[in-house]
Structure formats: C-alpha cells, structure tokens
2 protein chains.
Amino acid sequence: MGRWEPDARGRLAKAALALYAERGYEQTTVAEIAKRAGLTERTFFRHYADKREVLFAGAGELEGLFVGAVAGAPESAAPLDALTLGLDAVAEMFADRREFACRRQAVITANAELRERELIKLASLAAALTGTLRGRGVAQPAAGLAAEAAVAVFKIAFERWIVPAEERPMRELIRESLAELKAVTSGA
Amino acid sequence: MGRWEPDARGRLAKAALALYAERGYEQTTVAEIAKRAGLTERTFFRHYADKREVLFAGAGELEGLFVGAVAGAPESAAPLDALTLGLDAVAEMFADRREFACRRQAVITANAELRERELIKLASLAAALTGTLRGRGVAQPAAGLAAEAAVAVFKIAFERWIVPAEERPMRELIRESLAELKAVTSGA
DNA sequence: CACCTGATGTCAGCTCCTGTCATCACGTAG
DNA sequence: CTACGTGATGACAGGAGCTGACATCAGGTG
C-alpha cells in the first residue's frame with residue numbers, strides 16, 4: 001500500500017455524484033465532498049478545476065471518440081455520413097453505462113449551473129467536429145452547420161435514451177433522430 | 001429629480017460592459033462596477049442575479065420576439081418556414097445595434113464563463129421554440145430538432161455578422177446559413 | 001401629520017477558489 | 001545505508017461572489 005489510498009480522483013468523483021444526488025448540487029460543499037473521499041478541500045481543487053467539473057471528466061473521452069470516428073471516415077463520405085459514423089461510435093460507448101448516465105444526468109438537469117457546463121462541453125464538441133470536417137475539405141458555414149446538427153441529433157437521442165420508460169438502444173434512437181432531422185430540413 | 005439618479009439598472013449594465021471590455025471580465029469586481037455606477041455591490045445583486053447576467057438582460061427580449069414570430073406564422077406553414085419567420089424577425093431587431101453587439105460579443109467570447117451563460121440562453125431559446133412548434137402540432141422529436149437547427153442557423157449567421165470585415169446584413173446571412181443547412185442535411 | 005412603500009446602504013457571513021509553504025512516503029544515486 | 005529529489009497531500013490565509021437581515025429615507029397616501 002502506498003502512502004495514500006489509491007485513486008483520489010475517482011473517490012472524489014464518486015463522492016461528489018453521491019452527495020449531489022442525495023442533497024442537491026448547491027446544498028453540497030466542496031469540503032463535504034473532500035471529507036467523504038477522505039481528502040481535503042484543497043486537494044479537490046487540485047484534481048478538478050471547479051465544483052462542476054467533477055461531473056464532466058468523461059467529456060473529453062466522448063469528444064475524442066466522436067472526432068476520431070469522423071476523422072477516420074472514408075474520404076469519399078459526405079459530411080453527414082462521416083458524422084453518422086461518429087454518432088454510432090458514441091452510441092456504442094454509452095451502451096453499457098446506462099445507469100451511471102441516468103444518475104449523473106438527473107443531477108445535471110436539476111441544476112442550471114451544471115446544465116451550463118454541459119452545454120459548453122457540447123459546444124466544444126461541435127467546435128471539434130467543425131474543425132475535423134474542415135480538415136476533410138468541407139467549407140464554412142456548411143461544416144459548422146453540419147456539426148451543430150449532429151450535436152443536436154446526439155442531444156435529442158440522448159434525452160430520449162435517458163427516459164427510463166423507453167429502454168431503447170442508443171443507436172436506434174440516433175438513427176431515428178437523424179432521419180427526423182433530414183425530414184424536417186428538407187420538407188419545407 | 002427623485003431621491004436617486006434614475007435607471008440604476010441601465011447604469012450598472014453600461015458600467016459592467018465598459019469595465020469588462022477595458023480590463024477583462026475576471027479582472028473586474030462587482031464592487032468596481034457598482035462604484036462606477038454610483039451604487040453599492042449589494043444593489044448590483046438586487047438588479048442582476050449574478051456577475052454574468054448583467055450582459056444578458058436582452059436575451060429575454062430576443063426570445064420573446066423569436067417565439068412570437070413563430071407562433072404568429074400561418075397555420076399552414078411548415079415547421080422550418082415558421083422558424084424562418086422567427087429568424088427574420090430577429091434579424092430585424094439586430095439591424096441597428098451592430099456596434100453594441102460587437103463590443104458585447106467580444107467580451108463574451110473572451111471568457112469561458114460568459115460563453116457558458118450565452119449557451120444556456122440559446123438553449124432556453126431552443127426549448128421555447130420547441131414548445132411553440134409543439135403548440136402548432138409538430139410532434140417530437142421533429143419539433144426539438146427543428147428548433148435546435150434554427151438556433152444553429154442563428155448562431156452561425158450571428159458569428160458571421162459580427163466579423164467586422166463582412167458588414168453584410170443579418171437577414172442575408174441567415175438566408176445563406178439556412179440554405180447551407182438544407183443542403184448539408186439533404187445531400188447525404 | 002402619520003404611515004407605508006420601495007430602492008438603497010451597511011454589515012456579517014458562507015462558500016468557492018487560489019497562492020504559498022510545510023509534510024512525508026517513496027524512489028534513486030552514491 | 002544515507003542523502004536527496006519527487007510528487008501528492010495538508011494547512012493556512014485571503015480575495016471575490018453572493019445572501020440574509022436590518023437600517024435609512026424620499027416620496028406617495030390617508
């Protein structure tokens with residue numbers, strides 16, 4: 001055993017999610033999170049930039065996966081087809097994390113500050129996708145619009161996937177949302 | 001003359017924008033804003049919920065205008081056509097406020113916290129548009145996707161309108177973005 | 001004149017977050 | 001084996017954002 005219990009970061013994340021869920025984000029102090037993880041407040045801020053970020057550590061992974069899949073699409077693929085590959089890759093990643101995603105999302109939707117943070121992560125994703133499309137030769141503003149549209153599809157499919165009543169696979173919901181988007185933008 | 005100088009709210013907003021532009025958002029304290037407006041810190045927080053909100057007082061107006069135009073579209077209009085009427089209404093509103101919008105946007109884009117707040121205002125707009133479309137009989141998820149797409153069009157048109165080099169009318173940029181969105185979603 | 005109202009000032013206090021320095025197990029060089 | 005460096009952590013002070021509670025006081029109202 002080392003000098004400290006291992007995985008301080010993970011313990012902080014777990015403690016934070018638990019407390020945010022138990023008593024609400026605003027009613028939880030960083031000192032309490034740290035205490036539950038057996039650490040101090042100062043150490044919390046060494047692992048996470050702020051009180052919100054502890055819930056968004058996985059965002060970078062999602063972005064990397066999405067961008068990677070789009071970048072790896074065949075050169076001949078149209079922008080929306082490349083983005084669809086990215087959406088599929090993301091869907092796969094979510095497949096076995098439904099319960100965790102649900103608890104986490106319940107906390108986020110319950111608080112405006114956390115929703116703000118979530119939105120900027122999605123915006124960062126859109127920006128990264130825009131850059132990737134541009135690297136594939138797509139011009140502006142088409143690249144930006146396609147990226148925003150793909151993120152909207154992800155957002156809405158995710159919203160429906162989270163609903164406990166549905167229980168449908170993420171991939172299916174994404175295909176449906178994509179089809180709806182095409183219908184609604186071409187229909188007018 | 002009343003007991004106090006009139007328009008405390010407006011004075012605070014003006015002082016805040018000036019200071020944020022001068023020395024940056026983070027380097028400005030609320031006490032400084034209040035002092036420049038001839039008020040106290042406590043009074044600032046009576047007018048604005050937090051240090052960011054002072055830049056977003058007009059967001060409600062934008063949302064109302066957009067939603068009103070969509071709601072007032074002919075019943076026969078397709079979702080995207082109704083949304084286009086909303087986009088046009090918004091474009092008109094921006095027409096004579098370019099300089100103010102530029103200064104404000106420069107401050108916002110320079111700071112992540114302010115971008116977060118901007119994003120949640122846009123999300124609120126998308127939610128309001130979704131509700132309006134649903135009121136017009138559009139089902140989910142089509143309503144949500146159409147709303148998100150319209151907000152994406154607004155976002156990207158606005159980005160281009162702000163660029164000093166361009167100087168093209170907002171309405172024209174919106175039409176262009178809309179056409180690009182249709183092209184990119186139907187082309188694949 | 002007495003009273004109420006509403007915008008503001010004053011003050012105490014919590015929480016978030018940061019800078020700085022101390023601590024101390026572990027690894028490594030000698 | 002000792003000495004030293006390293007890296008994660010603790011301890012402490014302090015600024016800034018934000019809130020609650022109470023005081024103040026010009027104006028309107030009876």
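Here is how names work: the chains are called A, B, and so on, in the same order as the sequence lines, proteins then strands, and each is numbered from 1.
Residue Arg42(B) contributes atom CZ, which lies 14 Å from atom P of dC11(C) at whole-angstrom precision. The distance between atom CG of Asp7(A) and atom C1' of dT9(D), rounded to the nearest whole Å, is 15 Å. We find that CH2 of Trp4(A) is positioned 15 Å from P of dT23(C), with the value rounded to whole Å. With rounding to whole Å, Glu5(B) atom CD is found 18 Å from dC25(D) atom P. Taking atom CZ of residue Arg9(B) and atom P of nucleotide dG6(C), one finds them 17 Å apart after rounding to whole Å. Between the CD atom of Glu41(B) and the P atom of dT19(D) there is a distance of 11 Å, given to the nearest Å. To the nearest angstrom, P of dC18(D) lies 8 Å from NZ of Lys51(B).
Between the side chain of Arg52(B) and the main chain of Arg117(B), no donor-acceptor pair closer than 3.5 Å is present. A donor-acceptor contact shorter than 3.5 Å is absent between the side chain of Thr43(B) and the backbone of Leu39(B).
Look at Lys121(B) and Glu63(B) and you find no salt bridge, because none of the NZ, NE, NH1 or NH2 atoms lies under 4.0 Å from a carboxylate O. Under a 4.0 Å N-O distance rule, the pair Arg9(B)/Glu53(B) does not qualify as a salt bridge. Ion pairing between a basic and an acidic side chain is recognised when a charged N comes within 4.0 Å of a carboxylate O; Arg98(A) and Glu167(A) show such pairing.
Contacts between residues 10-37 of chain A and DNA chain C, defined by a heavy-atom separation below 4.0 Å, involve Thr28(A), Thr29(A), Val30(A), listed by number. For the segment residues 43-50 of chain B, residues with any heavy atom less than 4.0 angstrom from an atom of DNA chain C are, sorted by number, Thr43(B), Arg46(B), His47(B).
Between Tyr48(A) and Phe56(A), the distance from one ring center to the other does not fall under 6.0 angstrom.
Just one of Lys155(A), Arg104(A), Gln105(A) meets the side chain to side chain donor-acceptor pair (under 3.5 Å) condition when paired with Glu118(A); it is Gln105(A).
A cation-pi arrangement, defined by a distance under 6.0 Å to the six-membered ring centre and an angle within 45 degrees of its axis, is absent between Arg168(A) and Trp161(A).
With sequence neighbours left out, Glu180(A) forms a side chain to side chain donor-acceptor pair (under 3.5 Å) with no residue at all.
Closest to the side chain of Leu39(B), from the set dA21(D), dT8(C), dC17(C), is dT8(C).
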